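Below you'll find the structure, written out as structure tokens, and then a few comments.
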Amino acid sequence: MAEKKTVIALAGNPNCGKTTLFNSLTGATAYVGNWPGVTVEKRQGTYKNRKNRLTAEVVDLPGIYSLSPYTPEEVVSRDFILNEKPDVVVNILDATNLERNLYMTTQIMEMDVPMVVALNMTDILEKDGVSIDADDLSKKLGCPVVSISALRQSNLDALMMAALKEAGHPRKGKSILSDGTYGKAIDEAKALYEEAGIEHPLFHAIKALENDEKELEANPELVRRCQEILARGSYGDFEADSADQRYQYITGNYVLSRKGKAEEGKEKLSVSDKVDRVLTNRIAAIPIFLVALFLIFHLTFSEDLLYLGKMGVPFSTCFEGNPYFEGLFWTDGGINSLGVILANLLNGITGWIWGSIEKGLAAINTPEWTIGLLGSAINDGFFAVLGFLPQILVLFFFFSLLEDSGYMARVAFVFDRIFRRAGLSGRAFIPMLMGYGCGVPAMVNTRTLNTEKERTATIRVIAFFCCGAKVAAVAAVAAVLASHWGWNSELVGLSMYLVGLLLAVAMVILMHWTTQREKTPPFIMELPAYHAPQPRALAIHIWDKAKGFVKKAATIIILAAIFIWVFSNFTPSWNYIPAMVDEFGQPLPAYEGSILKNICEMISPIFYPLGFGNNLGGQGWALTMASALGLVAKEAVAEALASIAGGTAGIEALVVGSGISLGGLVAFLVFNLTTVPCFAAIATAKAELPKGQLWKTILFWLGTSYVVALFVRLSFDFVWTLAITIPLIVALFVAAYLWYRHACKKEEALAAKEGGEA
Amino acid sequence: MIKTLDSLAIGESGTIVKVHGEGRVRRRLFDMGLTPGADVYLRKKAPLGDPLEITLRGYELSLRKDEAINVEVEMKEGTDNG
């Protein structure tokens with residue numbers, strides 16, 4: 001094992017079947033990690049050949065179109081090949097789209113790294129009566145070419161054998177540009193890099209001639225000298241000409257045999273085209289998307305799937321009286337959705353596990369505080385958070401389905417026009433919508449966005465969406481608003497969904513005008529053909545997600561739960577507060593006199609302006625505590641209220657009894673829905689945000705939620721304040737816009753000046 | 001006749017003659033195959049009129065009018081008859 005394993009890097013365009021190949025090669029051994037320094041997912045796994053006992057490490061590089069530094073993915077792939085020195089690069093090509101796929105091949109060829117080309121999906125071509133001469137391609141490219149089918153797992157061992165064989169033979173980079181009009185300039189530039197002792201001289205030389213951003217950062221002096229070479233000769237526009245020559249070389253050499261075919265394709269409507277006609281239809285596209293979205297959330301979260309409960313069909317609760325599985329499939333309110341059933345099932349199982357542990361511990365006379373501590377860590381912490389896993393996975397499953405089938409790319413296409421106004425591209429819409437389910441996968445999804453500023457803005461507003469964990473808090477407060485103030489609880493829920501969306505839109509626009517100002521990122525995106533998602537890939541996707549979530553729950557959440565337990569079970573002088581027991585013999589958390597209560601009473605003045613701080617009497621500190629615990633996990637908001645009130649049923653008495661005003665209660669809800677979502681979201685944001693943005697983001701969340709809650713409180717309790725606050729808000733937006741215009745003009749003037757000098 | 005790519009009507013096609021623009025966007029257009037000599041075909045527009053969907057080099061690409069305006073296209077005679 002100590003011997004260094006051969007490392008094989010998989011590189012290729014998006015949608016070329018790279019991930020399928022990776023999954024087929026590595027099976028269940030794959031694991032997902034983050035790249036050091038940057039935040040693009042890295043998948044790594046082991047390939048094992050049973051017949052001849054060969055093994056290799058396989059690294060799945062992000063799918064990219066080119067080695068220019070346009071997206072973080074491209075930079076990562078390029079840096080991996082250049083710096084991590086894989087033993088061999090396997091370049092996967094989609095044979096049905098050879099022209100564009102070969103473009104990057106001509107770039108990888110320029111690096112001094114052994115290379116094998118895998119020609120994927122040749123079986124689809126053969127069905128159409130087209131074949132590609134792999135031997136001829138191999139001769140022209142100067143590296144082995146192996147025809148494979150990643151989906152049907154055919155010829156994969158031959159590919160790996162070829163790759164392992166190549167791994168031992170160093171290869172010198174060569175460029176198809178060397179034979180063209182720039183041959184001499186490239187030779188000169190390469191000589192400069194060789195002189196400087198830089199590895200991969202040919203690749204770097206060509207990047208220097210292209211005046212590539214990353215190259216300029218790394219070797220400014222060499223790039224300057226290479227640009228001088230271009231200036232001396234009577235050369236044209238290297239950037240345009242090099243891309244042009246690459247494509248000319250490709251069309252000249254490889255796609256002649258497919259030309260007649262491509263013309264035909266224009267007239268014949270494929271299945272994909274027919275599907276597309278409906279899904280991106282001028283009138284139907286947006287309604288279809290909204291319906292799809294509704295169905296996804298309904299299937300994940302609904303507890304009245306077919307609306308039978310609403311229609312008044314009488315139901316009895318299934319497994320009535322069973323302590324763990326009561327109401328698993330249906331309750332008297334209706335039939336449960338898939339997400340709810342799975343969540344109930346898991347909660348039943350974990351409840352039974354903890355119940356057994358507790359009984360066992362009690363039987364061997366374990367001290368009460370030990371049981372309490374373990375209960376906090378395992379049951380209230382780990383299991384409670386684990387309980388959200390099924391719904392997150394179901395939601396993730398549906399979104400993966402939409403993504404893998406090619407529909408998400410169309411959603412971005414359809415909605416781009418709307419999002420552009422806020423300085424985002426249509427793609428930013430997808431992670432935002434996922435935020436309605438769970439912010440964690442939503443933040444990870446922002447990786448598909450082009451610029452750091454767009455990612456930062458999107459990650460920040462994801463926190464405002466009403467995720468699954470917030471629903472419990474909404475339900476609890478809505479119930480109080482309904483019974484005490486006569487509000488419609490469903491309307492409360494709906495408006496909380498809308499508040500999140502409106503706040504997100506407003507904040508994205510504000511950020512676009514101020515801190516995240518940039519030119520609206522471009523939208524140049526491939527629309528891949530629709531295809532049926534592969535169950536295997538979906539399963540691996542979901543398994544990865546589940547593993548990551550469990551790891552997080554097992555670490556951060558358990559720690560947080562232990563802290564809370566200690567703080568709520570000890571007095572400031574570290575005396576243990578014995579647990580109380582309710583009328584059913586269930587232990588009740590005893591907060592009276594605890595450190596936690598002391599701290600909450602101390603910080604409650606912070607919430608005074610919002611109407612739920614120390615202006616409340618009696619157990620009013622409970623709202624402060626709920627809000628503080630909500631920063632750890634949003635489900636804790638309702639949980640904390642319930643545990644102080646001695647059950648969900650007591651929440652109304654607790655809240656109303658504190659003497660809270662209507663404005664204070666609504667502000668409490670709005671604050672909790674728009675503030676720091678949870679520890680898991682902070683951890684994810686830390687991983688996904690550019691360096692140094694995490695603290696600003698946390699302050700942004702706290703600040704925004706505080707201001708918005710203050711506005712809500714004032715508007716409800718002192719309506720006259722609207723006369724001041726509304727003009728203030730308008731003034732804020734106008735000022736931000738003017739500042740934006742001013743900054744844009746200054747930049748334009750600067751650019752014009754620079755242009756004039758040059 | 002030369003038009004910019006954004007002014008093509010749905011169903012029209014042509015050959016790229018020149019790509020303007022600056023820096024990254026231009027680079028991206030090149031990388032995605034929008035180079036002089038490439039044939040493009042305007043398939044459709046998004047429901048709100050923008051972005052566009054074009055076919056080139058055997059695949060479908062979506063881009064905004066703002067980006068397409070940088071691409072000069074020599075129109076094909078009698079596009080409709082193929």
Side-chain angles (χ1 to χ4, degrees), chain A residues 15 65-70 94 96-100 103-104 210 212-213 239-240 242-248 250-251 255 258 261-263 265-267 272-273 276-277 280-286 409-410 412-418 420 425-426 519-520 522-529, chain B residues 5-6 10-72 76 79-82:
Chain A
N15 309 306
Y65 295 105
S66 155
L67 295 175
S68 41
Y70 183 75
D94 173 356
T96 63
N97 189 359
L98 207 51
E99 204 170 337
R100 201 203 54 224
Y103 181 77
M104 194 167 73
E210 278 174 5
D212 174 280
E213 282 171 36
E239 206 179 359
S242 65
D244 188 29
Q245 285 179 18
R246 285 181 205 279
Y247 272 112
Q248 271 184 21
I250 294 164
T251 39
V255 285
R258 291 217 357 105
K261 198 72 204 162
E263 299 279 305
K266 224 178 263 175
E267 283 152 30
S272 177
D273 294 332
D276 196 51
R277 280 211 164 168
T280 60
N281 181 282
R282 271 193 65 166
I283 299 155
I286 294 174
R410 268 75 184 188
F413 173 70
V414 168
F415 285 91
D416 178 68
R417 184 76 199 270
I418 298 171
R420 193 180 328 165
S425 72
K519 268 197 174 158
T520 304
F523 183 78
I524 305 170
M525 188 179 72
E526 181 186 1
L527 294 174
Chain B
L5 182 56
D6 64 302
I10 292 172
E12 283 188 327
S13 60
T15 308
I16 296 175
V17 282
K18 207 161 178 156
V19 180
H20 304 278
E22 50 173 89
R24 304 179 109 204
V25 173
R26 183 160 182 256
R27 174 87 226 161
R28 187 59 168 186
L29 292 173
F30 287 146
D31 284 345
M32 298 305 282
L34 288 148
T35 61
D39 290 340
V40 290
Y41 165 78
L42 188 76
R43 273 169 75 88
K44 73 160 139 328
K45 295 176 179 176
L48 299 169
D50 192 20
L52 315 172
E53 180 177 341
I54 60 170
T55 302
L56 89 154
R57 300 192 185 275
Y59 79 103
E60 271 77 54
L61 182 74
S62 136
L63 75 172
R64 288 184 189 144
K65 285 182 172 173
D66 286 352
E67 286 122 25
I69 201 166
N70 292 316
V71 181
E72 278 181 28
K76 274 216 180 113
T79 299
D80 297 344
N81 308 327

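This one's a predicted model, so the numbers in the text were calculated from it and none came from an experiment. Every chain is numbered from 1 and lettered A, B, ... according to where its sequence line falls, protein lines coming before strand lines.
The NZ atom of K44(B) sits 7.5 Å away from atom CG of L527(A), with the distance rounded to the nearest 0.5 Å. Atom CG of D273(A) sits about 4.5 Å away from atom CZ of R43(B), to the nearest 0.5 Å. Atom CD1 of I418(A) and atom CG of L48(B) lie 5.0 Å apart (nearest 0.5 Å). From S242(A), atom OG reaches atom CZ of F30(B) across 8.0 Å, with rounding to the nearest 0.5 Å. To the nearest 0.5 angstrom, E526(A) atom CD is 6.5 Å from Y59(B) atom OH.
For Y103(A), the part lying under 4.5 angstrom from a heavy atom of chain B is the side chain only. Contacts of L56(B) with chain A are absent, with no heavy-atom separation under 4.5 Å from either backbone or side chain.
The choice from G33(B), A46(B), P51(B), A68(B) that makes the most heavy-atom pairs within less than 4.5 Å of chain A is P51(B). Among T35(B), D31(B), V19(B), the residue with the largest count of heavy-atom pairs under 4.5 Å with chain A is D31(B). Contact tally against chain A (heavy-atom pairs below 4.5 Å) for M32(B), E60(B), R27(B): the top residue is R27(B).
Counting heavy atoms from C-beta on, the side chains of D66(B) and R420(A) come closer than 4.5 Å. Within the 4.5 Å cutoff, the side chain of D50(B) has no heavy atoms near those of the D416(A) side chain. Using a 4.5 Å heavy-atom threshold, the side chains of P47(B) and R417(A) count as separate. Residues R24(B) and E213(A) meet the side-chain proximity criterion, which asks for heavy atoms closer than 4.5 Å.
The minimum heavy-atom distance linking E53(B) with F413(A) is given by the pair CB-CZ, 3.9 Å.
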